[in-house]
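Given the structure is predicted, the values throughout are model-derived calculations rather than measurements. Chain identifiers are assigned alphabetically (A, B, ...) following the order of the sequence lines, protein sequences preceding nucleic acid strands; residue numbering begins at 1 within each chain.
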Number of protein chains: 2
Amino acid sequence: MPKFEPIILDEDCAPRRVLELFSVKWTTMVLHSLHFNGGRCRTSALARSLPGCSKKMLTQTLREMERDGLIHRKVYPVVPPMVEYSLTPMGRLFIEPIEMLYAWGAKNDDALSKLRRRRKKHTASKAKAREAQ
Amino acid sequence: MPKFEPIILDEDCAPRRVLELFSVKWTTMVLHSLHFNGGRCRTSALARSLPGCSKKMLTQTLREMERDGLIHRKVYPVVPPMVEYSLTPMGRLFIEPIEMLYAWGAKNDDALSKLRRRRKKHTASKAKAREAQ
DNA sequence: CCGAATCCAGCCGGATACTG
DNA sequence: CAGTATCCGGCTGGATTCGG
């Protein structure tokens, strides 16, 4: 084997920063959904487009993304309330790599489907205990 | 705003599968490191290239990746022990999008550095408590 | 419809000690 | 050097309830 010092992925290098953003569970999916809706979307529609994301998780993700400047939140003063999220320029910056990644995934779907499932879905254990009671 | 039904990112679609893999903390970095070392690398070198990844996390990640068929593990019967990890064809499949993503990150480094920090590093709180004792 | 707040079981992941 | 085993504090994130 070649014997040379491997590159060191320092804690604050660009690759890691990108990865960190991509590894936050719902962020990129929200950006993707917004993009597909012309850059703007209201909460409930967003929720529908992300099956498996609890309301709490969605709100939390949206708050963080807003703080990070990836999306903009606009509240319409009507009843019932209506909130619309839209991409900021910073958020739009991420569309390109995300769509690239997704496109790659679509193209290699069958190869990817052969990946053995990782990390058991650790839910549905408490619900069972609850109903047993 | 346009009023049309947003795409639904079903739980088992290609985009999600890709994202899930990318969102597992150390996986892509390991693949990246292996790639940069010509596709093979021993444990300690891998560890050195991933500052911040504890030994436990590294081992765990490597085990999962091995199970998923992304890397191959070869043990050399010598003392002291020597183990070498290498990319499988499946693992190699992921190199392209990973490098794409990293390259994009490098190119947009300054824009990315303006992202407000997310999710406080939740460590170093126990160590302090310990030394206080 | 949109969200905040609370509760709390279970997981994550670091630290440590031990094997070959 | 490479890896396993155990302990355990803190955080994650679902469920539920309340409010505008």
Side-chain angles (χ1 to χ4, degrees), chain A residues 1 3 6 11 23-27 30 40-67 71-86 118-133, chain B residues 1 3 6 11 23-27 30 40-67 71-86 118-133:
Chain A
M1 77 239 105
K3 155 87 165 157
E11 306 242 21
S23 72
V24 175
K25 193 73 192 233
W26 299 100
T27 310
V30 168
R40 47 183 60 253
C41 193
R42 53 186 306 190
T43 316
S44 54
L46 222 38
R48 253 174 288 127
S49 76
L50 300 171
C53 181
S54 71
K55 193 183 296 192
K56 178 180 176 179
M57 268 300 89
L58 180 59
T59 310
Q60 189 174 307
T61 305
L62 292 172
R63 288 292 162 281
E64 277 174 6
M65 293 176 67
E66 195 189 357
R67 284 209 327 270
I71 58 176
H72 174 69
R73 177 171 184 262
K74 169 154 190 184
V75 182
Y76 290 89
V78 297
V79 294
M82 169 165 141
V83 176
E84 192 182 72
Y85 293 93
S86 54
R118 50 173 57 240
R119 282 170 193 251
K120 55 176 178 294
K121 282 304 173 207
H122 55 282
T123 314
S125 53
K126 181 154 49 174
K128 205 157 52 179
R130 175 174 296 277
E131 84 184 44
Q133 170 267 1
Chain B
M1 76 241 105
K3 155 85 167 160
E11 306 241 22
S23 72
V24 175
K25 193 73 194 232
W26 299 100
T27 310
V30 168
R40 48 184 59 254
C41 194
R42 54 187 304 192
T43 315
S44 53
L46 223 37
R48 253 174 288 126
S49 77
L50 299 172
C53 181
S54 71
K55 193 183 296 191
K56 180 180 176 180
M57 269 300 91
L58 180 59
T59 311
Q60 190 174 307
T61 304
L62 292 172
R63 290 290 163 282
E64 278 173 7
M65 294 177 67
E66 194 189 357
R67 285 208 326 270
I71 57 177
H72 174 69
R73 177 171 183 265
K74 171 155 191 183
V75 182
Y76 291 87
V78 296
V79 295
M82 169 164 140
V83 176
E84 192 184 71
Y85 293 93
S86 54
R118 50 173 58 240
R119 279 165 195 255
K120 56 177 178 296
K121 280 305 173 206
H122 54 285
T123 313
S125 53
K126 182 154 48 173
K128 204 156 52 178
R130 176 175 294 278
E131 85 185 42
Q133 168 269 2

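Interatomic distance, CD1 of A/Ile71 versus SG of A/Cys41, reported as 10.5 Å (0.5 Å rounding). Atom OG1 of A/Thr43 sits about 7.0 Å away from atom CZ of A/Arg73, to the nearest 0.5 Å. In this structure, OG1 on A/Thr61 lies 11.5 Å from NZ on A/Lys56, to the nearest 0.5 angstrom.
Every side chain to side chain contact (heavy atoms under 4.5 Å, CB included) that B/Pro51 has, sequence neighbours left out, goes to A/Ile8, A/Glu11, A/Arg16. Legend: residues meeting side chain to side chain contact (heavy atoms under 4.5 Å, CB included) with B/Val79, ordered by chain and number and at least two apart, are absent.
Contact check for B/Arg63 versus B/Gln60: no side-chain heavy atoms found under the 4.5 Å cut-off.
Atom CD in B/Glu64 sits roughly 15 Å away from atom P in D/dG3 (whole-Å rounding). Between B/Gln60 atom CD and D/dA5 atom P the separation is 13 Å, expressed in whole Å. For A/Met57 and D/dT12, the CE to C1' distance is 7 Å, given to the nearest whole Å. When rounded to the nearest whole Å, the span between CG of B/Leu50 and P of D/dA2 equals 14 Å. As rounded to whole Å, 15 Å separates atom P of D/dA2 from atom CD of B/Glu66. As rounded to whole Å, 18 Å separates atom C1' of D/dC1 from atom NZ of B/Lys74.
Comparing B/Val75 and A/Lys56 against DNA chain D, the residue whose closest nucleotide sits nearer the 5' end is B/Val75.
Here the closest non-hydrogen pair linking B/Val30 and B/Leu50 is CG2-CD1, 3.9 Å. Residues B/Pro81 and B/Arg42 come closest through the heavy atom pair O-NH2, 3.7 Å.
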Any protein N or O atoms within reach of nucleotides 1-4 of chain C? Criterion: under 3.5 Å, listing atom names and distances.
{"unit_1": "C/dC1", "atom_1": "O3'", "unit_2": "A/Arg42", "atom_2": "NH2", "d": "3.3"}
{"unit_1": "C/dC2", "atom_1": "OP1", "unit_2": "A/Arg42", "atom_2": "NE", "d": "3.2"}
{"unit_1": "C/dC2", "atom_1": "OP1", "unit_2": "A/Arg42", "atom_2": "NH2", "d": "3.2"}
{"unit_1": "C/dC2", "atom_1": "OP2", "unit_2": "A/Ser44", "atom_2": "N", "d": "3.1"}
{"unit_1": "C/dC2", "atom_1": "OP2", "unit_2": "A/Ser44", "atom_2": "OG", "d": "3.1"}
{"unit_1": "C/dG3", "atom_1": "OP1", "unit_2": "A/Arg73", "atom_2": "NE", "d": "3.1"}
{"unit_1": "C/dG3", "atom_1": "OP1", "unit_2": "A/Arg73", "atom_2": "NH2", "d": "3.1"}
{"unit_1": "C/dG3", "atom_1": "OP1", "unit_2": "A/Tyr85", "atom_2": "OH", "d": "2.6"}
{"unit_1": "C/dG3", "atom_1": "OP2", "unit_2": "A/Thr43", "atom_2": "OG1", "d": "3.2"}
{"unit_1": "C/dA4", "atom_1": "OP1", "unit_2": "A/Arg63", "atom_2": "NE", "d": "3.0"}
{"unit_1": "C/dA4", "atom_1": "OP1", "unit_2": "A/Arg63", "atom_2": "NH2", "d": "3.4"}

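Annotation: the terminal axes of the helix from C/dC1-D/dG20 to C/dG20-D/dC1 meet at 40°, where each axis is the rotation carrying the C1' atoms of four end pairs onto the next four (5 pairs per end, rounded to 10°).
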